[in-house]
Amino acid sequence: MLVRPGEKVKIKVKVNGIWYEREVEPRKLLVHFLRDDLGLTGTKIGCDTSTCGACTVLMNGKSVKSCTLLAVQADGAEITTIEGGDGKLHAIQEAFKDNFALQCGYCTPGMIMQSYYLLSENPSPSEEEIREGLHGNICRCTGYQNIVKAVQDASRRLRA
Amino acid sequence: MTYVGKPIKRLYDDKFVTGKSTYVDDIQINSLYAGFVRSPYAHARIKSIDVSDALKVPGIVAVFTAKDLQVKEGIGIWTTYEDPKQWKFLPRRPLAEKEVKYVGDPVAIVIGTDKYNVRDAIDKVNVDYEKLPAVIKMEEALEDKVLVHEELKTNVAFDQTFNGGNVDEAFKNADRKIEVEVTNNRLIPNPMEPRGIISRYEGGFLTIWYSTQVPHTARAEFSRVLGIPASRIRVIMPDVGGAFGSKVNILPEDVAVVLSSIKLGRPVRWTATRSEEMISSEARHNTFKGEVAFKTDGTILGIRGELIVDMGAYLTYTSPIQPVIIPLMIPGPYKIQNISVRSKAVYTNTPPITMYRGASRPEATFIIERIMSNVADELGIDDVTIRERNMITNTPYVNPLGLKYDSGDYLGLLREGVKKLEYEKLKAWAKAMREKGRKVGVGMAFYLEISGFGPWEFGEVRVTETGDVIVTTGGTPHGQGGETGIAQVVADELQIDIDRIKVIWGDTEVVASGMGTYGSRTAAAAASAAKVAATKVLEKMKKFAAKMLKVDVEEVKYSSGEFEANGRKVSWNEVAEFAYKSDEPGVFEQLILPGDVTYPYGVHIAVVEVDDYGIAKVSEYKAYDDIGVVINPALAEGQVHGGATQAVGQAILEEAIINEEGQLAVTYADYLIPTAVEAPKFESYFAEKPHASQYPSGAKGVGEAALIVGPAAIVRALEDATGKRFNHTPVRPEELIE
């Protein structure tokens, strides 16, 4: 498909269970599509270079950094963001609260989405596996120990 | 139930774990987007700026340069803590006028309807520069061969000698002396949320949503700079994604955004990219060169030397703190009587320095702790003994430069801490491991911190018609959980359920006044102001109860939600409703509580291992602190974990690298922030018998402690592991490898 400068492309994306059809510039990042076009500001932008993981969402069940994907690459895909819950707190969200696993909260949505992916791949990870699994998500506040504890706690809750 | 001293869960976490948090960039408001054209040169003359191509980009509303954005005055310095008379500086204008002074210096602001088009237009602004010689290194800047600011006729912004005792006599009486050179290289605070601002000007009133930690101070500074009365400016601090001191700073970009919104009569917003955040706020970067006089038993008699502190190209609101406080805190917890430190602050053609977690105490602590360990090595004494031999044993104590340490048992804590943290056992283990060929090491360091930083804080407590309580604080928590601590203190004071308390902060139209959260001061200053206001509110509630019970107020006793006199009772809720319906709708008290500095202290230990490639890993980090009354141990521990992780960064990973052209490395690919893989395992303890501060809450503060002492403990551990000597941060892999 040839798209000229200034032209937009129609995409259809299922986000948190709802199909959205929008016209976007081909260069628009997925994270800007979610935040600016759909108003889902739970997904944050921290570094612009795919390093910090604040923008982590699930695409077709896999964790991705939404600042590294174009919105057009999500055409036809299913996206889950931090707002994708069913109204009740998920075990991971509860565990983050109970274990003091957040301070400023900015990395928290990305951290929770990555933890969700990690636990879906490996329901009972070791501490080292959790640390490796969260390697792509930077938290500047907590020092990670309480985040690791929260993921361990969530793992127990989800298996109970 | 009482709350103070317990690990009460944070009150407002739901919004953060569900994505409903609202940082400034999350605010949905019809606004224009701003972006900046920045200098590619460290020093250059602006010959001309052509914006015509930029204006042709669809959606571009305006491009402003210095001549378009006039201010009443430039951005100044933080006069609460800094004395402008001691400084040579030029107040900062919103955009560079004739010259750019560092790579990234903003030259023009581009405003448009879409953030992508703004970026397109930024590339189309043509600036014709004439490159000038630049000075990047602070040692060279001292020579004044290239001047950053021609008008100042020197690069030296500040030059003052701090003298205490008789240092010449001390050196005469010394058995031995050694030279030391101690450097903290340049860091970048890097809160996860890059800074941002939205400005709206309507009907003569300005509303600013601002990623700040000091809304009232920012309002005052915007007022001064713009010439608009503070009463016509409202600054709202939404959720703030970390600051670490860096968001006290007021940027020229912020002023440019506000001025643009006024000029255009439309809301304008700007959110920094990570690169812009990194250029906006840098930290540390200073070197102490001097000598130490001591006796063969390890008693340190005197320290003299020169401190050079890099300021970058301009003074910022907060950078003048460091050159003044570093010398004052160099004696630390030790009874060193004779000291002379000449402190010089110098301009370079590099991005400006700001305050960052600890601001000056990390440097002072690193200097004195390196001196302790250097002397220990020189004499073959161990790290604990040298500190015991020099430690102050009585408080209050006045240090040779006039600081009055309030309370504490430094020696007792050192001994207790070393035992509790199993320092000797770890040292022996590391030695045994080294004999087997592993490069493991254990290091300790002690700190005495100055915190609290008066001069005052605001607190208000209001009882609603239902008996719920609204606490309005001048503190500005942005991750620390200070709001939960404040609620704990007020809940105990009023003997009510903590869930009935709502804590509000950060909006200058809601909070009458305030200093803010920085300098580890919230548990001391803000919690105390709220506590005193709560005490006064309770007295008022007693008066209403007395009216209801038809007795004198002196006869009313209050306990756990019930007022009682002569065997008759009325509940907290009934009194609240009665008061609301009588002549005081919403019983409230508000006050400014004056306060002073206070001094937490502690001992921290790091365990490191260095691999065959010179990559160091801090495997364990242990802390034992006396931070005064501990309001919430879980929150306090969180501050130790976070501070220590930044200390890991400072000690082995993080450095703002600037090349000889003045170009800063501006991504996380170059600036290495510790991840879950690099972060150590923590143990954190607080003294069983803490020494309270003079503040009514008794707290001293803990926000900065671990970053103040951590680098010294980790560097000492690296020395233990490798047998090498390092008096600087960060220690790089190439220095660790054999």
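First the proteins, then the strands, lettered A, B, ... as listed; each starts at 1.
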Looking only at heavy atoms, what is the nearest atom pair of B:V666 and B:S275, with distance?
O-OG, 3.0 Å
Applying a strict 4.5 Å limit to non-hydrogen atoms, the region of B:E277 in contact with chain A is neither
Part of B:Y621 within contact of chain A (heavy atom distance under 4.5 Å)
neither
Between A:K65 and A:S50, is there a donor-acceptor pair closer than 3.5 Å when you use the side chain of the first and the backbone of the second?
yes
Got a donor-acceptor contact below 3.5 angstrom from the B:E704 side chain to the B:S520 backbone?
yes
For the pair A:E129 (side chain) and A:S126 (backbone), establish whether a donor and an acceptor sit closer than 3.5 Å, ignoring hydrogens and angles.
yes
Between chain A and each of B:Q646, B:Q639, B:H478, B:Q28, count heavy-atom pairs under 4.5 Å; write down the option with the most.
B:Q646
Taking only heavy atoms into account, what residues of residues 102-114 of chain A are found under 4.5 Å from chain B?
A:L102, A:Q103, A:C104, A:G105, A:Y106, A:T108, A:P109, A:I112
When the 4.5 angstrom heavy-atom criterion is applied to B:P58 and chain A, the contacting part is neither
Where on B:T645 is there a heavy atom nearer than 4.5 Å to chain A: the side chain, the backbone, both, or neither?
side chain
Does B:V677 offer a backbone N or O that forms a donor-acceptor pair with the side chain of B:K617 under 3.5 Å?
yes
Option in B:T22, B:D25, B:D26 with maximal non-hydrogen atom pairs under 4.5 Å from chain A:
B:D26
Just so I understand: if I count every heavy-atom pair under 4.5 Å between each of A:G136, A:G39, A:G84, A:G85 and chain B, which residue has the most?
A:G39
Run the side-chain hydrogen bond (donor to acceptor under 3.5 Å, both in side chains) check on A:T43 and A:T81 step by step: do they pass?
CA-CA 7 Å; A:T43 304; A:T81 72; 4.7 Å; no
Contacting region of A:D36 [heavy-atom separation from chain B under 4.5 Å]
side chain
Has B:T484 got a side-chain atom pairing as donor or acceptor with B:L11's backbone, closer than 3.5 angstrom?
yes
Residue from B:V240, B:T667, B:D14, B:I27 scoring the most non-hydrogen pairs under 4.5 Å with chain A is B:D14
With only heavy atoms counted, which part of A:E94 is less than 4.5 Å from chain B, the side chain, the backbone, both or neither?
neither
Side chain, backbone, both or neither: which part of B:K115 has a heavy atom under 4.5 Å from chain A?
side chain
Heavy-atom distance under 4.5 Å to chain B: side chain of A:K44, backbone, both or neither?
side chain
Which portion of B:K20 sits near chain A, non-hydrogen atoms under 4.5 angstrom:
neither
Give a yes-or-no answer on whether the side chains of B:N632 and B:R10 include a donor-acceptor pair shorter than 3.5 Å.
no
May I ask you to name which of B:P674, B:A676, B:P194 has the most heavy-atom pairs under 4.5 Å with chain A?
B:A676
Honestly, the part of A:T49 sitting under 4.5 Å from a heavy atom of chain B is side chain
Checking B:D625 side chain against B:F686 main chain: does a donor-acceptor pair fall under 3.5 Å?
no
Measure from the side-chain N and O atoms of A:R140 to the backbone N and O of B:I673, and report whether any donor-acceptor pair falls under 3.5 Å.
no
Which atoms of B:N117 approach chain A - backbone, side chain, both or neither, heavy atom under 4.5 Å:
both
Counting only non-hydrogen atoms closer than 4.5 Å, does A:H90 touch chain B with its backbone (N, CA, C, O), its side chain (CB onward), both, or neither?
neither
Sidechain-backbone polar pair: B:T354 side chain, B:S281 backbone, donor-acceptor under 3.5 Å:
no
